[in-house]
Peer 1: 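Below is a structure I'd like to ask you about.
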Amino acid sequence: MPPQAFEINRLRETIQTRRFGKEFVFLRETTSTNDVARELASKGAPEGVVVIAEMQTAGRGRLQRRWFSPRGGLYFSIVLRPGIKARDAAKLAFVASLAVAEVLKERYGLPVEVKWPNDVLVNAKKICGVLVETEARGEEIGYAIIGIGVNVNIDVEKELPEELRASTTSIMNELGLEVRLDEIFKYILEKLEDLYEEFLRSGFSRILERWKRYAGFLGKTVEVSSGSERLQGLALDIDHEGALIVRLSDGGTRRFLVGEISLRTKPRN
Ligand code: BTN
């Protein structure tokens, strides 16, 4: 059976947001919802416009990776105009991954973890990714696009390429049943709006404290890759700017800013 379609009309009737989703652009298929949202933002689209697609043909992830986007997944991007400094933009990814983590735990009972800087995992496998892209305007950002992809009703074994199967999961694979796309999207958008408003009102520290509750990699040995450099160490903390603090084997500490870095948790040996 093909996965259920996204019921956009039901969503329009039930969504309870203040600033997000006043306008939805709903597409059966597109290259990347981030591309569409950027195009709209560059033409002046206001904060809160949301682009959703049932499928993406050129979904993108961080570090120039592909994001496989078959039907059954949730793929959307939001236009934001937060009026923050460019160097604070990475904090938006924490807001977004926290929103998804809390929804997966509170609404679907999944044992979620977050992985720095912005992945959501279930049973050590990736279930959601977040891609934040910004347009700089001097020191501040003109707009930011938060793109979120969640593996919802996807059978990972059948639908994703072999090299991703061992490290990826979906809600359907975890729960053994399909969930409604419009419903999970509504929960995530409402939660994201609450957390985003808290971030604008009160700053990053409370968001980060909440995010760290799910950060199972803290206190564990991790491997950090940045370009050709590969380092192992103990993940000590995430600081007030969202940087990862690692204690290296020589006893020194190093701080990694969100950027061209990927992180792997090392199995205990
Ligand atoms: C990552 O894990 O590297 C981030 C993945 C982000 C995927 C989402 S799906 C919706 C939006 N459109 C894209 O092309 N990418 C993001």
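One-based numbering, in listed order, for ligands and for the atoms of each.
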Peer 1: For ligand 1, note which part of Val130 has a heavy atom under 4.0 Å away: side chain, backbone, both or neither.
Peer 2: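 For Val130, the contact with ligand 1 is made by the backbone alone.
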Peer 1: Tell me whether Arg107 forms a cation-pi arrangement with Tyr187, defined as NZ or CZ under 6.0 Å from the six-membered ring centre and within 45 degrees of its axis.
Peer 2: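 Relative to the ring axis of Tyr187, which defines the angle, Arg107 lies inside both limits.
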Peer 1: Give the atoms of ligand 1, by number and element, whose distance to some non-hydrogen atom of Ser77 is under 4.0 Å.
Peer 2: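 Those qualifying, in numeric order: 11 (C).
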Peer 1: Go through the steps to decide whether Arg137 and Glu135 satisfy the test salt bridge (Lys or Arg N to Asp or Glu O under 4.0 Å), and finish with yes or no.
Peer 2: CA-CA 7 Å; Arg137 199 168 280 173; Glu135 186 235 23; 3.6 Å; yes
Peer 1: Distance under 4.0 Å to a non-hydrogen atom of Gly61: what atoms of ligand 1 satisfy this?
Peer 2: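 Near Gly61, the atoms of ligand 1 are 1 (C), 3 (O), 4 (C), 5 (C).
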Peer 1: Specify whether Phe217 and Trp211 have parallel, tilted or perpendicular ring planes, treating 30° as the upper limit for parallel and 60° as the lower limit for perpendicular.
Peer 2: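 Perpendicular: the ring planes of Phe217 and Trp211 meet at over 60°.
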Peer 1: Flag this pair as yes if the NZ/CZ of Arg66 is under 6.0 angstrom from the six-membered ring centre of Phe68 and inside a 45 degree cone about the axis; otherwise no.
Peer 2: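 Judged by the rule, Arg66 and Phe68 form a cation-pi pair.
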Peer 1: Of all the non-hydrogen atoms in the protein, which one sits nearest to atom 9 (S) of ligand 1, and at what distance?
Peer 2: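 Nearest neighbour among protein heavy atoms for atom 9 (S) of ligand 1, to 0.1 Å: Gln56 NE2, 3.4 Å.
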Peer 1: To the nearest 0.1 Å, how far is atom 6 (C) of ligand 1 from its closest protein heavy atom, and which atom is that?
Peer 2: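 Nearest neighbour among protein heavy atoms for atom 6 (C) of ligand 1, to 0.1 Å: Arg60 O, 3.5 Å.
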Peer 1: Of all the atoms in ligand 1, which lie at a distance below 4.0 Å from a heavy atom belonging to Thr33?
Peer 2: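 What qualifies from ligand 1 is 10 (C), 11 (C), 12 (N).
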Peer 1: Look at the aromatic rings of Phe6 and Phe26 and report parallel, tilted or perpendicular, splitting at 30° and 60°.
Peer 2: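 Because their plane-to-plane angle lies in the 30° to 60° range, the rings of Phe6 and Phe26 count as tilted.
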Peer 1: Note the single closest protein heavy atom to atom 2 (O) of ligand 1, along with its residue, its atom name and the distance in Å.
Peer 2: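 Going by distance alone, atom 2 (O) of ligand 1 is nearest to Lys126 NZ, 2.5 Å.
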Peer 1: Using a strict cut-off of less than 4.0 Å between a Lys/Arg side-chain nitrogen and an Asp/Glu carboxylate oxygen, indicate whether Arg19 and Glu193 qualify as a salt bridge.
Peer 2: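 Salt bridge: no.
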Peer 1: With heavy atoms of Phe76 as the reference, note each atom of ligand 1 found under 4.0 Å away.
Peer 2: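 What qualifies from ligand 1 is 10 (C).
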Peer 1: For Glu163, I'd like to know if atom CD has over 12 heavy atoms of other residues, nucleotides or ligands within 6.0 Å.
Peer 2: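 Buried by this count: over 12 neighbours within 6.0 Å.
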Peer 1: So do the side chains of Phe20 and Leu192 get within less than 4.5 Å of each other, counting heavy atoms only?
Peer 2: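 Side-chain contact under 4.5 Å: yes.
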Peer 1: With a 4.0 Å heavy-atom cut-off (strictly under), which part of Ser69 contacts ligand 1: side chain, backbone, both or neither?
Peer 2: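 Neither part.
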Peer 1: When you look for heavy atoms under 4.0 Å from ligand 1, do you find them on the side chain of Ile148, its backbone, both, or neither?
Peer 2: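 Backbone only.
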Peer 1: What atoms of ligand 1 come closer than 4.0 angstrom to any heavy atom of Gly59?
Peer 2: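 Counting atoms of ligand 1 from 1, those under 4.0 Å from Gly59 are 14 (O).
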Peer 1: Looking only at protein heavy atoms, which one is nearest to atom 5 (C) of ligand 1, and how far off is it?
Peer 2: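 Scanning the protein heavy atoms, the shortest distance from atom 5 (C) of ligand 1 goes to Trp67 CE3, 3.5 Å.
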Peer 1: Does Phe24 reach the side chain of Ile8, with side-chain heavy atoms less than 4.5 Å apart?
Peer 2: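 Yes; the side chains approach each other to less than 4.5 Å.
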Peer 1: Nearest protein heavy atom to atom 3 (O) of ligand 1, by residue and atom, and its distance?
Peer 2: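 Sorting protein heavy atoms by distance from atom 3 (O) of ligand 1 puts Arg62 N, 2.6 Å first.
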